[in-house]
Structure formats: structure tokens, C-alpha cells
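Structure record follows, encoded as C-alpha cells.
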Amino acid sequence: MATAHSQTLRISSLSSSSSLSLPSKLPLSSAFSVSFRSSRRASRPLVVFVSAGLDAKPTVLVAEKLGEAGLKLLKEFANVDCSYNLSPEELCTKISLCDALIVRSGTKVTREVFESSAGRLKVVGRAGVGIDNVDLAAATEHGCLVVNAPTANTVAAAEHGIALLAAMARNVAQADASVKAGKWQRNKYVGVSLVGKTLAVMGFGKVGSEVARRAKGLGMNVIAHDPYAPADRARAIGVELVGFGEAIATADFISLHMPLTPATNKMLNDETFAKMKKGVRIVNVARGGVIDEDALVRALDSGIVAQAALDVFTVEPPPKDSKLIMHEQVTATPHLGASTMEAQEGVAIEIAEAVVGALKGELASTAVNAPMVPSEVLTELQPYVDLAEKLGRLAVQLVAGGSGVKTVKVTYASARAPDDLDTRVLRAMITKGLIEPISSVFVNLVNADFTAKQRGIRITEERIILDGSPESPVEFVQVQIANVESRFASAISDSGEIKVEGRVKDGIPHLTKVGSFDVDVSLEGSIILCRQVDQPGMIGKVGSVLGQENVNVSFMSVGRIAPRKQAVMAIGVDEQPSKETLKKIGEIPAVEEFVFLKL
Ligand SMILES: NC(=O)c1ccc[n+]([C@@H]2O[C@H](COP(=O)([O-])OP(=O)(O)OC[C@H]3O[C@@H](n4cnc5c(N)ncnc54)[C@H](O)[C@@H]3O)[C@@H](O)[C@H]2O)c1
Ligand SMILES: O=C(O)[C@H](O)COP(=O)(O)O
């Protein structure tokens, strides 16, 4: 293998005029401007979700009632259209004029909504926890970020769960209706006590654990079932985590607090009701779909379930003649779990901040369909993110037309321990760099993996663990594209792949290797790569051709195998040289091949 040396020259400014057609047919510009700009800019968004031409205020459609404080925040940044009770058709019509949509649980954000938005919709904010009313797969495919407000209504939901538990046990709703009907039925509405009874909390997350804490205060014996909850968190509040079978078989009361997922759909059904203690009482403030409602009616009729208190239903609002709602042993509320003044103000602020942040290009910490990376990690990774995207852009432009990119290997060399380096953002940005120059697809952190998969590009990642101080997160990043031909033969490494490697120096991304040649050019503006026979005067010759067209050279570097043998010259240019100028470079006798690459 050739040992490549490199010499770096900083050249202030050279220029000229002339031309040549580009050796490849690759479209070099992308439909959207790129989110990561020159690392010399003072403050840059990490991810731009709004299309580039959007200099005017973005438009946010608020499709369900939102607290005033949240609306105020939104209005400071965006045009806010509050249109409630839209039909699905009206929503699809409006959405093409909106950059963000805010909903609660009452609006179905379907695939049709994303399709109708024609790419403009960049953020869906769910003012609450459950995102089962948003088609997440469709959102991801359309590069639309989904954020929720996961914490502000936790206490409200837990309090409602406890309210339903107590109201059910003491027949509060039924007795109230009876008194209002002019009756005085003291013997009919004898209840059951909570103290000393076993409550099974199904789903020991935010709401479930708050319900458990409160139920302990009421003197209940609380057990919980949650396959993903840490046992020590449960133990800390005196709750034992048990298996599903044990939970439903031993409980006097069951309270549901898991999300609706394919795994939890109709989790309580004929089979599971049959395994419960006769006379069990059930509370559901999670999602209606976790119970098979017809099976619950049967279980109530047979007495397996003595009572149910339900805030949520498979279809909301439920049909007026619903046997379940009309059942005497059922207490029902119209999805009120999150509906306290306090929770709604909190949720509105939480979602408004997340949506505004996302529209500004910040990564929301409550993103549902994008990697959640802590902001300090993002800040540290920022120049590497820039590097990653540019290496992807360079690598794909080196591929000869018709080769078809299928296999990409990314290597990160770092002194950090593998679990101390989150490469998801870097991989996404390399994918963005690889795909955007060759398609009209807008790639962001949300849809990068999906888009790569859809295009049949397999991206594998590898780590080189370096000795030494782990001060900087990454020493260098390599992008290799296998099984392709290159427009610039020197970009093919000894092992046969197109290879580009880069580093961050003083906060600025640099290209430091092309194929087997060491170079050093800062990744700003565009780049000309030239292979020539190493000889005196080459830098001057190329520089003066560019100078004649007033093309500003920002950086130049020569990597060579050995003195007077082949060398690769990397030239950073601020402007795009004309075809004539590129042709003149190609005509310099010692130049064997060259390529112009747009960053
Ligand atoms: N009625 C309302 O107005 C209202 C208000 C807030 C939340 N909710 C609903 O309550 C539920 C819980 O909300 P949260 O904020 O506590 O969410 P969370 O994500 O904090 O907790 C959900 C818990 O369910 C667990 N889980 C997942 N699959 C499970 C399974 N198969 N079996 C048992 N546990 C499982 C998870 O591990 C997690 O700990 C959600 O469905 C949410 O939509 C309803
Ligand atoms: O998942 C949630 O946050 C609750 O179900 C609340 O839904 P809502 O915002 O429609 O009240």
C-alpha cells in the first residue's frame, strides 16, 4: 500500500476564467437547503425541519382546544390558526398550508394528513401523552417530527384514576343519579372498602406509579405489572412487581396505565377475565383499546367483574346505545383524565415549547420518532454532525454514474468508550449527505434510516477504539462506499471502496483522506480534487487558472505517495468554477484526473 504524505498550504485568494463539462451527471444541488451550515457561524440549528424558503413566520394549526399560555407562546413565533372540530377532509385541506399541527387525543392524524401536507408539515405536537391517534410510521416516512407533552398531565391522570377508584367502590355516580331522581336508596348503594385490598397497577410508568403512591396512602396493598419497569423504582415506593398472571389473579382492583400498542391491544379479554378473582373491580384511564369491551360486558354480566370505572373507550365518543356505558355497574367519564386547569396549562406550555423549538431547528427532548439526544451531547457533536453530512455528500459525488450505492460503511475512531458516543445523529447526517445530492428527498434525523432502507442502502457502522484522552468525541470519521466505480479513480482505497475520511480541527470539519491519499482541506465552499504527477509549480498552475476567473481558493493541500510520484491535490473554492475553468484545469499536462465536488 502506498504511504501518502501530505503538505498543507493556506492560499488566500487566486482567480481566473474558462470551462469544461462535469465528468458526472450527478445532480449536485438538493431540493432543500441543508440544516447544517459552515461551522464558523455563531449559532446554528442542529436540525432544520422547516423548508428553506420559509422566511415568513411558520403556520401552526391548533386543531383542539389548547391552554392560553401555550397559545401565547406559539403566537410569539408563528401564525396560529385555531380551528377546532375539523372533519378529516377539512384537516387534509388545511394541512397543506401548515408547518406544524397541534392535537389532543380527539384528532386522528392519519397517513392521508401527511400525504395531503405535500411535505410542508414538519412537526406534529400531541398536547398530551398518548400518540396512538398519530400514524407514526407515516410521520416518519414523511420526515415529520412528532413530539408529545409527556409529563404535564401525569398527576391529573393519576388523580382521576384514584377518583374513579373511590367513586366506583362507593357507587358515587349511581347514588348521585338516584338521589337526583328523587330516590333514597341507602341499602342499594352499600360499597366496598379500599383499605387492605390488593390493587394491581398494570403499567408502572409515570401515571401508574403516581396511582400506586396514592393507593398506598389509602392503605391498599399495591402490586404492579410492567415488563419494562425497573424493580428498584417499584420497591422504592413499596410496590412489588409481579407477572401478568399473578397480578390479575390476586387483585381486588385492577388499574390500567399502559400505552395502547399492538401488544396491549385487548389485553383484558374473555380469556384473561376468566383468570381474575371473582368480583374484581377495574379502572381504566389508559386507553379504551386495552380492554375488549364486549368481553368486559360479558364479564360484568357474569359477575366476574363486579364493577368498572372507565374514562377511555375504543371509540370516542362511544355509541349512545353502548351496552358497556349503559351497564349499571359501570361508571363512565368522557376522557377527562388530563382535564384539570393545571394540567391543561402545563400541557399547553410543554407542547408549545416543543413545537416552537422543533420549528427553530432544535431537537425536542420529547421527540417520539427521532433519537432523543441530550442537548449537551448535541452541542458537543455539532461540528462532527457537519463533518458527517459533508463526508456523505463528498462520498456520493465520487460515485460514477450508474454504479448504484448499496453498501456504505461508516467508521468512527474515538477514544471514548462505545457507550459514551451516541452515533445516531452522525449516521443520520451521513445518510442525509449521501441521499440528498442524488434525489429530491428531504432527509432529516426523523426519516434518515427509513429513507436509506427504502432506497436499498445498507449503512453499517464500525468503531475504532483509540488509546489516549477521550476529550473530543471523535478523532476521525470514515465513509466507505463498496462495490461502485468512481469518477475519480484515486478515491478508491487499496481495499477497493470509495473512501473519504475527515476530522474536526478547531471546530471546523476537514477532509483528511481521499482513497489512500492524505489531504487536508477545510470542508467549506466546494472542493476540486486533482490527481497529478508530483512536480514543482502544480499548485501555482491550478491556482492561476482559478484566479483568472476570480474563483477564491480557501485552502489547498497536496497528498502524495512519494516525491515526484502521483499526488492528490485538494483545493477548497468559495465559488463554483465555470465549465471552461474546469476544462482548463483538466488540460494542464500533469493533471491525470480531477473532479469538482459541491458541499
Ligand atoms: N385518560 C387520560 O386522560 C390520560 C391522561 C394521561 C395518560 N393517559 C394514558 O395513560 C397511559 C400511561 O401514561 P404514562 O404517562 O404513565 O405513560 P408511561 O410511558 O410513563 O408509562 C407507561 C408504562 O406502561 C408500560 N408498559 C408498556 N407495555 C406494557 C405491557 N404490555 N404491560 C404492562 N405495562 C406495559 C411501560 O413500560 C411504561 O412503564 C397511556 O396510555 C396514556 O395515553 C391517559
Ligand atoms: O394521553 C393523554 O395525554 C391523555 O389521554 C389526555 O388526552 P387529551 O389531551 O385528549 O385529554
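Order of appearance sets the numbers: ligands from 1, and atoms from 1 within every ligand. Computed from a predicted structure; not experimentally measured. Only this structure's heavy atoms are used, side chains among them; waters, hydrogens and symmetry mates stay out.
At distances below 3.5 Å, at least one donor-acceptor pair connects side-chain atoms of T272 with backbone N or O atoms of M267. Of the possible donor and acceptor atoms, one in the side chain of K122 sits under 3.5 Å from a partner among the backbone N and O of G119. Looking only at distances, no side-chain donor or acceptor of D386 sits under 3.5 Å from a matching main-chain atom of E389. Side-chain atoms of E293 come within 3.5 Å of backbone atoms of T314 as a donor-acceptor pair (strictly under, hydrogens ignored). Proximity of a side-chain donor or acceptor of N369 to a complementary backbone N or O of C144 within less than 3.5 Å is detected.
Residue V207 has at least one N or O atom closer than 3.5 Å to an N or O atom of ligand 1. Of the polar atoms of A338, none of the N or O atoms is found under 3.5 Å from an N or O of ligand 2, judged by distance alone. The shortest N/O to N/O separation between M202 and ligand 1 does not fall below 3.5 Å. For the pair M258 and ligand 1, the shortest N or O to N or O distance falls below 3.5 Å. Geometrically, ligand 1 and M267 share no nitrogen or oxygen pair separated by less than 3.5 Å. The shortest N or O to N or O distance between D132 and ligand 1 is not below 3.5 Å. For a threshold of 3.5 Å applied to N or O pairs, the pair formed by D226 and ligand 1 contains at least one separation below that value.
Salt bridge present: R214 and E210 bring a charged side-chain N and a carboxylate O closer than 4.0 Å. By the 4.0 Å N-to-carboxylate-O rule, R416 lies close enough to E380 to be salt-bridged with it.
From the protein, the heavy atom lying nearest to atom 17 (O) of ligand 1 is K206 NZ, 3.8 Å. Residue, atom and distance of the protein heavy atom nearest to atom 22 (C) of ligand 1 are H257 O, 3.6 Å. Protein heavy atom nearest atom 10 (O) of ligand 1, with residue, atom name and distance: A286 CA, 3.7 Å. Closest to atom 2 (C) of ligand 2, if we only count protein heavy atoms, is R126 NH2, 3.1 Å. For atom 7 (C) of ligand 1, the nearest protein heavy atom (residue, atom name, distance) is V129 CG2, 3.9 Å. The nearest heavy-atom contact from the protein to atom 31 (N) of ligand 1 is T264 CG2, 3.4 Å. Nearest non-hydrogen protein atom to atom 10 (O) of ligand 2 is S105 OG, 2.4 Å. For atom 3 (O) of ligand 2, the closest non-hydrogen atom of the protein is V129 N, 2.6 Å. Of all protein heavy atoms, the one closest to atom 11 (O) of ligand 2 is R104 NH2, 2.7 Å. Of the protein's non-hydrogen atoms, the one nearest atom 24 (O) of ligand 1 is P259 CD, 3.3 Å.
Proximity to F204 (heavy-atom distance under 4.0 Å) selects the following atoms of ligand 1: 39 (O). With ligand atoms numbered from 1 in the order given, ligand 1 contributes 1 (N), 2 (C), 3 (O) to contacts under 4.0 Å with heavy atoms of H335. Shown in contact with D311 at under 4.0 Å from a heavy atom are these atoms of ligand 1, numbered in order with element: 1 (N), 2 (C), 3 (O). For ligand 1, the atoms sitting less than 4.0 Å from at least one non-hydrogen atom of A157 are 5 (C), 6 (C), numbered in the order shown with element in parentheses. Using a 4.0 Å cut-off to heavy atoms of V285, the atoms of ligand 1 that qualify are 1 (N), 2 (C), 4 (C), 8 (N), 9 (C), 10 (O), 44 (C). Every atom of ligand 1 with a heavy atom of G130 under 4.0 Å away is listed here by number and element: 43 (O).
Under 4.0 Å from ligand 2, not a single heavy atom of V347 appears. Only the backbone of A127 comes within 4.0 Å of ligand 2, counting heavy atoms alone; no side-chain atom from C-beta on gets that close.
Judged by distance alone, the side chains of T151 and E350 do bring a donor and an acceptor atom under 3.5 Å apart. A side-chain donor-acceptor contact under 3.5 Å links D311 and T333. A donor and an acceptor atom, one from each side chain of T198 and N221, are located under 3.5 Å apart. For E159 and T340, the side-chain atoms include no donor-acceptor pair closer than 3.5 Å. Q454 and N447 share no side-chain donor-acceptor pair at under 3.5 Å. Donor-acceptor pairing under 3.5 Å is recorded for the side chains of Y412 and E461.
The closest approach between any non-hydrogen atom of G337 and ligand 2 is not below 4.0 Å. Residue contact check for ligand 1: P227 places a non-hydrogen atom closer than 4.0 Å to it. Within the structure, the closest approach of R287 to ligand 2 falls below 4.0 Å when heavy atoms are considered.
If you check each of H335, Q344, K65, E64 against atom 5 (O) of ligand 2, the one with the closest non-hydrogen atom is H335. For the residues G208, A343, A338, the heavy atom positioned nearest atom 3 (O) of ligand 1 is part of A338.
Around the NZ atom of K266, the shell of radius 6.0 Å holds no more than 12 heavy atoms that belong to other residues, nucleotides or ligands. Atom CZ of R170 has 12 or fewer neighbouring heavy atoms from other residues, nucleotides or ligands inside a 6.0 Å radius.
Residues L74 and I102 meet the side-chain proximity criterion, which asks for heavy atoms closer than 4.5 Å.
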inquiry  = Could you go through D449 and K453, starting from their C-alpha distance and side-chain angles, then the distance that decides it, and tell me whether this counts as salt bridge (charged side-chain N to carboxylate O under 4.0 Å, His left out)?
reply    = CA-CA 6 Å; D449 285 346; K453 212 169 172 185; over 6 Å; no

